[in-house]
Chemist: 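After the structure tokens below, expect a handful of questions from me.
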Amino acid sequence: MKRFILTAIAAIMCFAANAQNEVAYCEIVGIQKLLSNKVTVQIDYGQKNRAFSDQRMVGPDGKPMSFNSMMDALNYMCATGWQYVDAYALGSDGTYIYHYVLKYIGDGNVDEQITTKAEANAEKRK
């Protein structure tokens with residue numbers, strides 16, 4: 001009986017640990033601002049998108065975040081619990097768009113870690 005109780009407690013603890021550290025992936029795409037060397041980041045983590053919705057990543061103030069470069073954006077994402085997985089470039093004729101694939105390894109809910117401009121606008125309307 002004692003062994004059964006200890007096994008049940010261990011199983012519950014493993015289940016709780018796995019629930020806290022969910023595995024999720026996202027893709028970030030950098031877009032250079034017009035007449036600037038700064039970039040804004042569009043993010044795709046599998047959220048529902050409406051046609052032409054603004055998928056730029058926003059900060060706590062609801063304004064799109066601006067980074068000095070894609071490496072600055074990658075460093076920010078790594079500091080907030082994301083890990084680099086892969087990168088690839090799409091384009092031709094010297095014009096390329098760089099995509100970075102990241103995996104969430106932090107604690108907490110992924111949806112609380114990232115907010116897009118479209119999601120922030122929808123939250124304001126509520």
Side-chain angles (χ1 to χ4, degrees):
M1 183 67 166
K2 198 181 228 182
R3 186 177 293 179
F4 174 74
I5 292 172
L6 290 175
T7 304
I9 290 172
I12 291 169
M13 290 175 66
C14 286
F15 178 74
N18 286 336
Q20 289 177 349
N21 294 325
E22 63 182 79
V23 176
Y25 292 88
C26 79
E27 177 183 56
I28 59 174
V29 179
I31 301 162
Q32 184 142 6
K33 288 182 162 186
L34 187 62
L35 302 174
S36 175
N37 59 355
K38 302 265 184 185
V39 294
T40 57
V41 172
Q42 285 188 343
I43 193 151
D44 177 11
Y45 61 95
Q47 72 274 27
K48 287 186 176 182
N49 292 335
R50 296 179 117 174
F52 306 107
S53 63
D54 192 350
Q55 297 305 314
R56 291 179 294 170
M57 190 166 58
V58 297
D61 59 357
K63 294 181 181 177
M65 296 178 75
S66 181
F67 298 96
N68 294 322
S69 66
M70 281 304 290
M71 284 299 108
D72 187 23
L74 186 60
N75 286 332
Y76 172 81
M77 294 297 287
C78 289
T80 58
W82 292 87
Q83 180 181 34
Y84 171 83
V85 174
D86 196 12
Y88 61 95
L90 296 175
S92 62
D93 299 330
T95 304
Y96 294 96
I97 298 175
Y98 293 93
H99 300 252
Y100 291 82
V101 179
L102 308 171
K103 176 182 177 181
Y104 186 67
I105 58 171
D107 294 331
N109 188 352
V110 175
D111 292 337
E112 296 171 359
Q113 301 297 321
I114 302 171
T115 304
T116 64
K117 184 71 173 167
E119 292 168 343
N121 289 342
E123 190 65 32
K124 283 181 185 178
R125 285 185 232 126
K126 287 183 180 179

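Index from 1, following the sequence.
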Chemist: To the closest 0.5 Å, what do you measure between CD (Glu27) and CG (Asp44)?
Modeler: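 Glu27 CD to Asp44 CG: 6.0 Å, rounded to 0.5 Å.
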Chemist: Identify whether Phe67 and Ile43 are in the same connected component of the hydrophobic contact network (ILVMFWY, side-chain heavy atoms under 4.5 Å).
Modeler: yes
Chemist: Any chance you could measure Asp54, atom CG, to Gln42, atom CD, to the nearest 0.5 Å?
Modeler: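 So the CG of Asp54 and the CD of Gln42 are separated by 7.0 Å.
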Chemist: What are the two closest non-hydrogen atoms of Ser66 and Lys38, and how far apart are they?
Modeler: OG-CB, 3.5 Å
Chemist: Are Tyr25 and Tyr104 close enough that their ring centers fall under 6.0 Å?
Modeler: no
Chemist: Going from SG on Cys26 to NZ on Lys103, what distance comes out if it is rounded to the nearest 0.5 angstrom?
Modeler: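 Here the interatomic distance stands at 12.5 Å.
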Chemist: Using a 4.5 Å cut-off between side-chain heavy atoms of Ile, Leu, Val, Met, Phe, Trp and Tyr, which other residues end up in the same hydrophobic cluster as Val29?
Modeler: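 Its cluster mates, by chain and number, are Ile97.
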Chemist: Between Lys63 and Asp61, does any side-chain N to carboxylate O distance fall below 4.0 Å?
Modeler: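 Looking at Asp61 together with Lys63, the answer is no, because their closest N to O distance does not fall below 4.0 Å.
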Chemist: So, using side-chain contact (heavy atoms from CB on, under 4.5 Å) as the criterion, who are the partners of Ala89 when residues are at least two apart?
Modeler: Tyr96, Tyr98
Chemist: Are Gln83 and Leu102 packed together at the side-chain level, in the sense that at least one heavy-atom pair is separated by less than 4.5 angstrom?
Modeler: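 Heavy-atom side-chain distance check fails, nothing below 4.5 Å.
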Chemist: Identify the heavy atoms of Ala73 and Val41 that sit nearest to each other, and give their distance.
Modeler: CB-CG2, 3.6 Å
Chemist: Quick one: list whatever passes ring pair (Phe, Tyr, Trp, His ring centres under 6.0 Å) with Tyr88, sequence neighbours left out.
Modeler: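 With neighbours one apart ignored, the set is His99.
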Chemist: Any heavy-atom pair between the side chains of Met65 and Tyr76 that's under 4.5 Å?
Modeler: yes
Chemist: Would you compute the distance between atom CD1 of Ile28 and atom CH2 of Trp82 and round it to the nearest 0.5 angstrom?
Modeler: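 So the gap between those two atoms works out to 10.0 Å.
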Chemist: Are Met70 and Tyr45 linked, directly or through other ILVMFWY residues, by side chains that come within less than 4.5 angstrom of each other?
Modeler: yes
